[in-house]
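Bear in mind the structure is a predicted one, so any value in this text is a computation, not a measurement.
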Amino acid sequence: MNSVTQDAVDRRFMARALELARQGLYSTHPNPRVGCVITRGDETVGEGWHVRAGEPHAEVHALRQAGEAARGATAYVTLEPCSHHGRTPPCADALLAAGVGRVVAAMQDPNPQVAGQGLARLAAAGVTVQAGVLEAEARAINPGFIKRMEQGLPFVRVKLAMSLDGRTAMANGESQWITGPDARRAVQRLRARSSVVLTGADTVMVDAARLTVRAAELGLSPAATALATSQSPLRVLVDGRLRVPATAPFFAAGPSLVVCTQPPTDTSAYQAVNAELLALPGSGGQVDLPQLLRELARRGANEVLVEAGPRLAGAFAQAGLVDEYHVFMAALFMGSSARPLLDWPLAHMAEAPALKIVHMRAVGDDWQVIAVPAPARPV
């Protein structure tokens, strides 16, 4: 087989492995989403994907399906096979024991405990190894895991809902519902894929927000819904002055983390509702948001979804902590007295941060715009 043909074959099977990896979109936290395809010639003999942390990795599922056909076969994996003992044995060892002759990885594992060691172990044992096939696509599946491993921070999305005139709530705080049911389903899926859903005191008090994943609103197949609801994201409330009472609906929805600047003397009310208190004082009497993100990453959070009002969302934006904005835009005007999208005072056009729109689509009667911070403009 010539190199051009082999490259096409590699890309085809890796594309299938990526498709398998995406099946773990809602359930692998804090592990990465990984898929594996094992082939002999042009025939697939085994497939697998990582379902949940603590359960077998993608390679193990594929090897079990392949059986003896794995000997001398090629394994396509969306992430370098692990080489260390975690909750499961090393996948590199499993591939060697099965007698696989070639391993193609989409990308090297950013985990310092692996970081090339898995491929090196395979190569040292005589296995032909290759990395970098559809790497950009593989990285896009695991932005949070990669960022956490490389920078010690989670990937942060900010979800915003606004009218055509850029308003998020009426002057009295009324905001339900700006967008329609299709947009709300999209938001539910964003929550389900996240390790953490984070909000502020204003949102919890004004909207009686609970920030839960609601199975009936996901709009997924029964199997995908079961996976998406098999583990709940950590709900985090940023409440610097502890204004939200423990009787709020937010606390009735399950365990939570409340981040403040100074813990109270008596924490019994929070203990009674299974809420952990974390004090992270920052400048100006506000919660230290960068330190909060580092702490969430330390706890294994890959992706954080911020669903907050203009003040807290604006604080994340001003601090340069946002990786991706998801703006849901409804076809209505709310007027000049309504609240703005972000609390971010800017005096001059030169101060306006540039964004790059990477995706736009209709969701029912609304529109979803995904934008990322653009590189700094040249002076």
#### Entry: L342 to A317 - nearest heavy-atom pair and separation
CD1-CB, 4.2 Å
### Message
I'd like to know if V238 and M205 are part of one continuous hydrophobic network [Ile/Leu/Val/Met/Phe/Trp/Tyr, side-chain heavy atoms within less than 4.5 Å].
### Response
no
### Query
Hey, is the main chain of Q113 close enough, under 3.5 Å, to the side chain of N111 for a donor-acceptor pair?
yes
### Student check: side-chain heavy atoms of I146 and M107 closer than 4.5 Å
yes
### Task
Could you check W367 against M360 for side-chain contact (heavy atoms from CB on, under 4.5 Å), going step by step and ending with a plain yes or no?
CA-CA 7 Å; W367 284 88; M360 181 182 292; 3.8 Å; yes
#### Entry: N/O donor-acceptor pair under 3.5 Å between T74 side chain and T39 backbone
no
#### Entry: Transitive ILVMFWY side-chain link L227 to F145, under 4.5 Å
no
### Message
Within the structure provided, determine whether E307 and R191 are in side-chain contact (heavy-atom separation under 4.5 Å).
### Response
yes
### Query
Do NZ/NE/NH1/NH2 and the carboxylate oxygens of R298 and E295 come within less than 4.0 Å?
yes
#### Entry: Minimum heavy-atom distance L119-A105, with the two atoms named
CD2-CB, 4.3 Å
### Task
Check whether any side-chain N or O of N302 sits under 3.5 Å from a backbone N or O of P30 as a donor-acceptor pair, and report yes or no.
yes
### Query
If you look at every heavy atom in L95 and A75, which pair is closest and at what distance?
CD2-CB, 4.1 Å
### Task
Give a yes or no on whether a salt bridge exists between D182 and R361, defined as a side-chain N under 4.0 angstrom from a carboxylate O.
no
### Message
I'd like to know if the side chain of R40 and the backbone of V45 have a donor-acceptor N/O pair within less than 3.5 Å.
### Response
no
### Query
Side chains of I141 and T78: closer than 4.5 Å at any heavy-atom pair?
no
### Query
Take atom CZ in R311; do more than 12 heavy atoms of anything else shown fall under 6.0 Å from it?
no
### Query
Under 4.5 Å between any side-chain heavy atoms of V77 and E59, yes or no?
yes
### Query
So, is the end of the R16 side chain (NZ or CZ) under 6.0 Å from the ring centre of Y76 and within 45° of the ring's axis?
no
### Query
Does a side-chain heavy-atom distance below 4.5 Å link Y26 with R189?
yes
### Message
Strictly distance-based, threshold 3.5 Å: is any side-chain N or O of D343 a donor or acceptor partner for the main-chain N or O of G314?
### Response
no
### Message
Working to the nearest 0.5 angstrom, can you tell me the gap between R33 CZ and L79 CG?
### Response
12.5 Å
### Message
Determine whether a donor-acceptor pair (N or O, by modelled atom type, separation under 3.5 Å) exists between the side chain of R184 and the backbone of T179.
### Response
yes
### Task
Check whether any side-chain heavy atom of P263 sits under 4.5 Å from a side-chain heavy atom of Y270, and report yes or no.
no
### Task
Group every Ile, Leu, Val, Met, Phe, Trp and Tyr by side-chain heavy-atom contacts under 4.5 Å, then state whether V306 and L296 land in the same group.
yes
### Task
Say whether L198 and V156 are linked into one hydrophobic cluster, either directly or through other cluster members, by side-chain heavy-atom distances under 4.5 angstrom.
yes
### Query
When you look at V213 and V197, which way does the side-chain contact (heavy atoms from CB on, under 4.5 Å) test go after all the steps?
CA-CA 10 Å; V213 175; V197 179; 5.9 Å; no
### Carboxylate-amine/guanidinium proximity below 4.0 Å for E303 and R157
yes
### Query
Measuring from S194:OG to L211:CG, what's the distance to the nearest 0.5 Å?
10.5 Å
### Query
Is Q286 close to T261 at the side-chain level, that is, under 4.5 Å between some pair of heavy atoms?
no
### Query
Under 3.5 Å, is there a donor-acceptor pair linking the side chains of H29 and S195?
yes
### Query
Between atom CG of L160 and atom CE of M162, what is the distance when rounded to the nearest 0.5 Å?
8.5 Å
### Query
Does CZ in R12 sit with more than 12 non-hydrogen atoms of other residues, nucleotides or ligands closer than 6.0 Å?
yes
#### Entry: Flag, side chain of N142 to backbone of P32, donor-acceptor distance under 3.5 Å
no
### Message
Is it the case that atom CG in D365 sees more than 12 heavy atoms from other parts of the structure closer than 6.0 Å?
### Response
no
#### Entry: Flag for Q188-R185: side-chain donor and acceptor within less than 3.5 Å
no
### Query
Does any N or O in the side chain of E80 come within less than 3.5 Å of the main-chain N or O of Q117, such that one atom is a donor and the other an acceptor?
yes
### Message
Quick check for you: to the nearest 0.5 Å, what is the distance between E47 atom CD and E19 atom CD?
### Response
8.5 Å
### Message
The test is side-chain contact (heavy atoms from CB on, under 4.5 Å); show your working for F316 and L293 and say whether it passes.
### Response
CA-CA 10 Å; F316 271 94; L293 292 180; 4.2 Å; yes
### Message
Quick check: closest heavy atoms across P233 and V196, and the distance to 0.1 Å?
### Response
CB-N, 4.1 Å
### Task
Please examine the side chains of F251 and T247, heavy atoms only from C-beta on, and report whether any two atoms are closer than 4.5 Å.
no
### Task
Output the distance between atom CG (D366) and atom CG (L164), rounded to the nearest 0.5 Å.
9.5 Å
### Message
If we ignore hydrogens and angles and just use 3.5 Å, is the side chain of D165 paired with the main-chain N or O of G335 as donor and acceptor?
### Response
yes
### Message
Whether the side chain of H50 engages the backbone of R52 through a donor-acceptor N/O pair (distance < 3.5 Å, no angle test) should be reported.
### Response
yes
### Query
Which atom pair, heavy atoms only, marks the closest approach of A92 to P81?
N-CB, 4.0 Å
### Task
In sequence, state the C-alpha distance, the side-chain angles, and the governing distance for M14 and V104, and then conclude on side-chain contact (heavy atoms from CB on, under 4.5 Å).
CA-CA 8 Å; M14 188 62 76; V104 181; 3.8 Å; yes
### Y325 reachable from V358 in the ILVMFWY side-chain graph, under 4.5 Å edges
no
### Between CG on residue L242 and CD on residue Q262, distance to nearest 0.5 Å
9.5 Å
